[in-house]
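A, B, ... follow the sequence lines: proteins, then strands. Residue 1 opens every chain.
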Amino acid sequence: MTTMTLNAGEAGPAEDQTANPASESAVEQSAVKARAANTNIEVTGTVGSPFCDDAKLSMRNVNVFYGEAQAIHDVSLDIGRNQVVAMIGPSGCGKSTFLRSLNRMNDTIEGCRVEGELTLDGEAIYGPKVDVVPLRARVGMVFQKPNPFPKSIYDNVAYGPKIHGIASRRAELDEIVENSLRRAGLWNEVKDRLDKPGTGLSGGQQQRLCIARAIAVSPEVILMDEPCSALDPIATARIEELIDELRQNYTIAIVTHSMQQAARVSQRTAYFHLGKLVEVNDTETVFTNPEHELTEAYITGRFG
Amino acid sequence: MQTPTLFALLLLLILVAYGTGFSRALGAARSRGGIRSLASLPSYYGVHTALWCGLPALIILGLWLVFDDAIIRTLVMGGIVDKPESLSGQNLLYAQIQNMASGNLVGEATPQLTAAAEHLNSLRHGGQWLQTALILILSVGLGAYALLKVSPEMRAREKVEKVLRAILLMCACAAIFTTVGILMSVLFESVRFFQAVPVTEFLFGLHWSPQMALRADQVGSSGAFGAVPLFTGTLMVSAIAMLVAVPVGLMSAIYLAEYAGNRVRAFAKPLIEILAGVPTVVYGFFAALTVAPFVRELAQSVGLEASSESALAAGLVMGVMIIPFVSSLSDDVINAVPQSLRDGALGLGSTKSETVRKVVIPAALPGIVGGVLLAVSRAIGETMIVVMAAGLAANLTANPLESVTTVTVQIVTLLVGDQEFDSPKTLAAFALGLMLFISTLILNFIALHVVKKYREQYD
Amino acid sequence: MTDLTQTQVRERIAARLASRHRKEKLFRGLGIASIAFGVLAVLVLFTDIISKGASAFVQTDIQLQVTYDPAELGIEQVDEESLAWANFDGVIRAALRERFPDVSGRRDKRELYSLVSNGAGFELRERLQNHPELLGKSETLWFNADDDVDTYVKSLSKSEDGFLGRTSEQKAQWILTLRESGELKKRFNTTFFTNGDSREPEQAGIRAALVGSLFTLLVTLVLSFPIGVAAAIYLEEFAPKNRWTDLIEVNINNLAAVPSIVFGLLGLAIFINFFELPRSAPLVGGLVLTLMTLPTIIISSRASLKSVPPSIREAAMGMGASRMQVVLHHVLPLAMPGMLTGAIIGMAQALGETAPLLMIGMVAFIVDVPHGVTDPSTVLPVQIFLWADSPERAFVERTSAAIMVLLAVLITMNTCAVWLRKKLERRW
């Protein structure tokens, strides 16, 4: 069934989401190291303005380890309320790892350890008494590859509300599904076939379905891990519009490979390099007048 | 010449053929300036010659060995005027002739028997000569023919490879021959059985007692061949087994795949798989001597009557046997569910068990169903446990504490020991075999199809 | 639209959290229980069998002072004919009477004679055959005790009174007397490993069955490995994608799941009735097991061929090797370890198989060790089946002991397979 959804133009990029990010980053980091060695630039700290006043999420001195290997080095960053923050950088730089540590998705990877202070509205994310279940309902996530469940479109969106017991009546659930699909801009396309399998949609529609699924549990933050990397340009444009609309109600952190995308959708941009946060600034500043020479080298395409 | 000697001689001839073929090719090459001028390496010419020398002769020799007894028998028996009508009588007579021919006289030597024995001996002797002559002429003649054909232009390698490929194909077809062999063996005897006992009686009859009376005038002499009690017995034991194996196997697969850390997995998985390697006869012994008395005592302690060969004991042990089968098949299909689906569910705030129950299991369901069907087919065909622990009485009952019998148990009881090949009792075993083969075939076919489709979905 | 506020949603989620976590714990508990059940089953099975069978490796022996008295034996000199007729049992009985001189009465005497296995006479005959000079002399020898005696003596170590069974009080008294004077001892049971089957438990051994198993496996290995590998090579390397190939594949997968007893029916109908091969012979057993293990070997060999990377084939092909040369020179050697592992696992499967062999008459009562693949024989699992059916109590421990031997061989084979895989496996 999945074969139907991938049109020729939507063939995925070379880099696939790997089941084990640890080995992926290990391999790629060494490649990046080799390239970075040519530039001979030492990253000492973060330049620019990593902090902001009205922070929804705030991270201080975050270190992430996969077993022995350290994937994130001492990263501090704020993500402001109703703001879109883009995270860019060469592959293997740790931006996805960092993103996954924001809603503790890294817990599912054996041997992964997160240190530092991470708070959501001032509450610790990694506190000893924190329950990941409501946490993940508050911090939703959209993945690189569209991953609708092999269920109907309706059931895909209704899944979250059902397991959390958000809707008390069937009518309420219907309403949540409709609202979520509307917000994800998918309602008009699928309203007549809600009982058809979600895997039968096109790639772009699947990704919007995943976004609808995520917003159906009314999250406060949505994390997006390269949400358009498996999509064709038209579907990508549609998602980017959607992200801009969603900003009204949600705080969004998006990892992207595409600098153009970061420039189009985000207010602030963070540049990661070899597990370190090199520079954070207003998006415009990063792309027009970067402070750090590595950032400049990256956005001008000298590596990446 | 005796067959082993002939065989050894043939091997020697093949070696010689290889050597001469090899050196002839070298010789032909020398006059043309080295082995570069040959179409193939000299060893291929050797093999080519050896194949011509040996292969046809070996095939003929094999066919000879398979058929010579039957042909000689037909010839000998054909020479006897007043031979008995029945097959068993003929067998007896022929055995007598054979004994006499080899010098162990049993019973009275009638002139007719003596003549037949002499006939047999002369046929055997002549056959031996004919065999030796035929094989040697064939092998030397064809070997020489191949040797003559050795020339630098001949593409020996292609020819050798063609033959090799044909041999490989024959080996691959062994599976088909086996299936055909199974079908033929059960089908023929079943047809003979159904000539004696109507199909409808066999399939729908409620009474099974295959013991044939010794004399025709005995009471209840006909024997009853209603197989329904066997079918229900088989189903009951299999159902009990599946009730044990499916939940335990599935849950342990889920736990190992989704929850267990590396250490638990490395310890528990091989330990459970030991269960798969234990021979069924061991389970049968365990069921009969340990579990059955235990079940009986347990039932008595709560005031229930239990047979010492209860369906429950056999089913429980069979279930334990099938656990690793279900768990390893489920493990495969659960691991084939992409991680991205789990991430998606977990990312929405599902607990692990919700992820498993509502996303992973529904996604893996076709594969799990396929695996369970294979397990059912295994339970139906399992023999030793039920033979040793389930009893022989063909009870039509729904009480798992009573003794039941199964299709496989009856096949074994009917066929072990002395048997006559034309009594309905023996033939009934083949009819049961046919039922068993057909039902497992259907189950396997559906299961393999479902699993294959499932695999394709996530590949 | 009546939108739920985020606070409302948060509250509703929080309200259900406790029950959801309870369910999670329950589910996890079920998983752990299942694993525990499986592990427990293994432990119970093994302890049950070991506790039943370990005692079979020792055997109660009785020491007797025997006199090769020509009068008692009824012979004058030692030659083949006189040995055949000699009354060795009489010698044993005389020795027993001498040890317990105050036993009188027919009943009591018979009771006394039953202390020693009735195979003791054969042992004496063999002894005299090998040492003719012993005629007229006497010596002290150990003999196997009768199985009832054995059972009683072994039960003594478990409880004070012991399990008498068919043993009378009087006999028990004799046994205790012998035991105290050191004339009755438990010694390592060599009989179990050197004898064939017997109606008498104390004389029954697994040698004949082991040799039968060996012959059967040999036939199976010689046939199934080459054919299986050849079939795998054809299917993996040469087979065109067509209906015929599909048919072969479906057949192989299907045969792998056909009940083993059906192969027994095939063996009976085709090999024995049609080709008139001898019943109870390892040859036929091997043929049947070949057909049965073939799918396993083909499937594992194919997997092993598949794991050889295509780059190897391309490299060899690029050098101008023919398809056949590529396979024989490069692919096959690389795939061999995997194929061998598959073959060992297939052989282990064949070694444990019972049902199809019952069909082709390998259930015969075999006392003599077979000398070839056409001699009547039995195999270890069938021997276990036969003993398990025997009413004598002493056979229970022998059955368990035979199972222990079988399991030990199987575990060794599987360990070899795992070791081979680890040792020779190549990761590409």
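- Across all their heavy atoms, A:V217 and C:R10 have their closest contact at O-NH2, 3.4 Å.
- Around NZ of C:K25, the count of heavy atoms belonging to other residues, nucleotides or ligands within 6.0 Å does not exceed 12.
- Residue A:P161: no heavy atom, backbone or side chain, is found under 4.5 Å from chain C.
- By the neighbour-count criterion of 12 heavy atoms within 6.0 Å, atom CD of A:E241 is densely surrounded, having more than that number from other residues, nucleotides or ligands.
- Counting heavy atoms of neighbouring residues, nucleotides and ligands inside a 6.0 Å radius, atom CG of A:D53 does not exceed 12 of them.
- A:S218 is not listed as a side-chain neighbour of C:Q8, based on a closest heavy-atom distance of 4.5 Å or more.
- Contacts of C:I13 with chain A are made by both backbone and side-chain atoms, with heavy-atom separations under 4.5 Å.
- With a 4.5 Å cut-off on non-hydrogen atoms, A:E220 touches chain C through its backbone and its side chain both.
- C:R20 CZ to A:H164 NE2: the interatomic distance, rounded to the nearest 0.5 Å, is 5.0 Å.
- Under the side-chain hydrogen bond (donor to acceptor under 3.5 Å, both in side chains) criterion, A:D131 pairs with C:H21, sequence neighbours left out.
- For the pair C:R16 (side chain) and A:I163 (backbone), a donor-acceptor distance under 3.5 Å is present.
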